[in-house]
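Please read the structure below before turning to the comments.
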Amino acid sequence: MTHHEPTHRWIVTPQTARFTEPLVLQSGALLNGYELVYETYGQLNASRTNAVLICHALSGNHHVAGYHGEHDKKPGWWDNMIGPGKPIDTERFFVIGVNNLGGCHGSTGPASTNPATGQPYGADFPLVTVEDWVTTQARLAEHLGVERFAAVVGGSLGGMQALQWSIQYPDWLDHCLVIAAAPKLTAQNIAFNDVARQAILTDPDFNGGHYYGGPGPRRGLRLARMLGHITYLSDDVMGSKFGRQLKNGSYQFGYGVEFEIESYLRYQGDKFAESFDANTYLLMTKALDYFDPAQDLDGGLAEALRPARADFLAVAFTTDWRFSPARTREIVHALLHNKRNVSYAEVTHGHGHDAFLMADPYYHGVVRAYMEKIKL
């Protein structure tokens, strides 16, 4: 069976939904209004049963697939997964990508104007949680006329959102796809996030989070991304891709770039610091740290997932040490304890945590087979 690719560029246009109903956040803070930027792919069917929500990870956004223009250099961040004839097939499903509240790609966040002051929110933008994001995504669904989802899908922090969807709005989704995720962060993961935040918070140009109009904490954000990037890759892939290769063939006896891996990390850090907002990075890592649906529950994760009614696909990658397969299996065991239908795939892949973004044939085959089974 062949899956055709469109011969022309698939151009998509971001849209903005404005919400005026006040939102009380988990922290107790109140937002009187906010905007969410989103994109849609495919068509909502007459019975409104084919909607699929894509939840993004730390540095993701609403631009999930396609291009913004004929000369756009890169497609959406999950373009290999979503589109006509792809594993999440937009000829069958109506797919929604949204930039989360607190983001820096158009949704209301720290760089947005605070109506109370006329200045950017900066550090005054309240912390948000995975639960808050799910609440706002449900409001967006209502705005788009979607009453339930055929599936909610996410990788990494997006997978945590998909899991939270199954708990918070159990009657709104038929299927839940949790990819390269965990039921909560380990202490080691929280530690990595804190070091990344400290790189930003101690940057002399951070200015207490009110750096808009100034240079901003680019050095801190660059360091945070370099650290994060190390944890997203496996030792194997770093070894095979870079090893101990020297840029100039011999030691330079200085502190400049000498090894290829140094060059790569600095390039990734610089690129990220140009396109992402440091305050959003702080917010997103805190949301990751806080996520723990089983917190304070005697019955643990099984009790936390008891409300879930969806069928599940859980996917893990063998060399992902940030969210190891053992963490995904915790979710699977809790769901099986609750007698939910769960499919589990452990994909042998050398790329580490970032494998969930790669076009691996086996991994894509698993997602395709699962999505094709969904009855609309």
Side-chain angles (χ1 to χ4, degrees), residues 12-45 47-58 60-64 93-116 121 125-154 157-177 280 283-284 286-288 290-291 293 307-310:
V12 291
T13 306
Q15 299 173 74
T16 302
R18 186 172 283 110
F19 298 88
T20 54
E21 186 189 337
L23 176 70
V24 180
L25 299 167
Q26 290 274 306
S27 66
L30 177 75
L31 279 179
N32 283 316
Y34 57 94
E35 293 181 347
L36 295 178
V37 170
Y38 66 95
E39 288 177 6
T40 65
Y41 320 86
Q43 301 293 323
L44 188 61
N45 63 12
S47 53
R48 300 184 180 190
T49 57
N50 70 332
V52 172
L53 177 68
I54 307 296
C55 303
H56 70 71
L58 182 64
N61 55 38
H62 55 281
H63 185 38
V64 174
F93 295 106
F94 174 64
V95 179
I96 302 163
V98 57
N99 183 211
N100 284 347
L101 184 69
C104 56
H105 293 95
S107 292
T108 300
S112 306
T113 301
N114 181 348
Y121 279 100
F125 194 83
L127 287 182
V128 289
T129 64
V130 168
E131 292 91 330
D132 294 328
W133 286 334
V134 169
T135 300
T136 58
Q137 289 160 3
R139 287 190 181 182
L140 178 65
E142 289 175 327
H143 171 79
L144 294 174
V146 172
E147 286 147 23
R148 66 183 298 113
F149 286 106
V152 177
V153 185
L157 177 55
M160 291 172 163
Q161 292 167 65
L163 195 63
Q164 182 60 33
W165 257 97
S166 75
I167 298 167
Q168 204 167 318
Y169 296 102
D171 298 324
W172 280 46
L173 66 160
D174 294 325
H175 297 268
C176 182
L177 281 72
T280 288
L283 280 177
M284 296 268 178
K286 265 297 183 189
L288 258 172
Y290 286 155
F291 182 71
R309 292 288 166 266

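All residue numbers refer to positions in the sequence shown, counting from 1.
Within the model, atoms NE2 of His62 and NE2 of His56 stand 9.0 Å from one another, a figure rounded to the nearest 0.5 Å. Here CG of Asp174 is found 4.0 Å from CZ of Arg148. Values are rounded to the nearest 0.5 Å. Rounding to the nearest 0.5 Å gives a distance of 12.0 Å between CG of Leu163 and CG of Leu177. In this structure, Leu36 CG and Arg139 CZ are separated by 9.5 Å, a value rounded to the nearest 0.5 Å. In this structure, the separation between OH on Tyr169 and CZ on Phe149 is 11.0 Å, given to the nearest 0.5 Å. Taking CD1 of Ile167 as the reference point, atom CZ of Arg309 lies at 12.0 Å (rounded to 0.5 Å).
Within the 4.5 Å cutoff, no side-chain heavy atoms of Leu157 are placed close to those of Phe291. A heavy-atom distance below 4.5 Å is not found between the side chains of Ile54 and Tyr38. Two residues are said to be in side-chain contact when any heavy atoms from C-beta on lie closer than 4.5 Å; Leu31 and Tyr121 meet this criterion. The shortest side-chain heavy-atom distance between Trp133 and Val128 falls under the 4.5 Å cut-off. The closest side-chain heavy-atom distance from Val153 to His175 is not below 4.5 Å. When side chains are defined from C-beta on, Leu283 counts as touching Pro110, because their heavy atoms get closer than 4.5 Å. Val152 is not listed as a side-chain neighbour of Gln137, based on a closest heavy-atom distance of 4.5 Å or more. Counting only heavy atoms from C-beta outward, the side chains of Val98 and Leu53 approach each other to under 4.5 Å.
Proximity of a side-chain donor or acceptor of Thr108 to a complementary backbone N or O of Glu35 within less than 3.5 Å is detected. Between the side chain of Thr20 and the backbone N or O of Gly33, no donor-acceptor pair lies under 3.5 Å. At distances below 3.5 Å, not a single donor-acceptor pair connects side-chain atoms of Glu147 with backbone N or O atoms of Arg48. Between the side chain of Thr40 and the main chain of Ile96, no donor-acceptor pair closer than 3.5 Å is present.
Between the side chains of Thr135 and Asp132, no donor-acceptor pair is found at a separation under 3.5 Å. Judged by distance alone, the side chains of Asn50 and Gln43 never bring a donor and an acceptor atom under 3.5 Å apart.
Nearest heavy atom pair, residue Leu30 against residue Pro22, reads CD1-CB, 3.8 Å. The two residues Pro293 and Gln164 have their closest heavy-atom pair at CB-OE1, 4.3 Å. Closest of all the heavy-atom pairs between Ala150 and Phe93 is CB-CE2, 4.2 Å. Across all non-hydrogen atoms, the minimal contact from Val37 to Gly106 is CG2-C, 3.3 Å. Shown here for Cys55 and Ala162, the closest heavy-atom pair between the two residues is SG-N, 4.3 Å. Between Asn99 and Cys104 the shortest heavy-atom distance is OD1-N, 3.9 Å.
Ring-plane geometry between Tyr34 and Phe19 is classed as parallel, the angle between the planes falling under 30 degrees on a 0 to 90 degree scale with a further cut at 60.
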Next on the checklist: Does Glu39 form a side-chain contact (heavy atoms from CB on, under 4.5 Å) with Val64? I'd like the steps, not just the answer.
Outcome noted: CA-CA 8 Å; Glu39 288 177 6; Val64 174; 5.7 Å; no
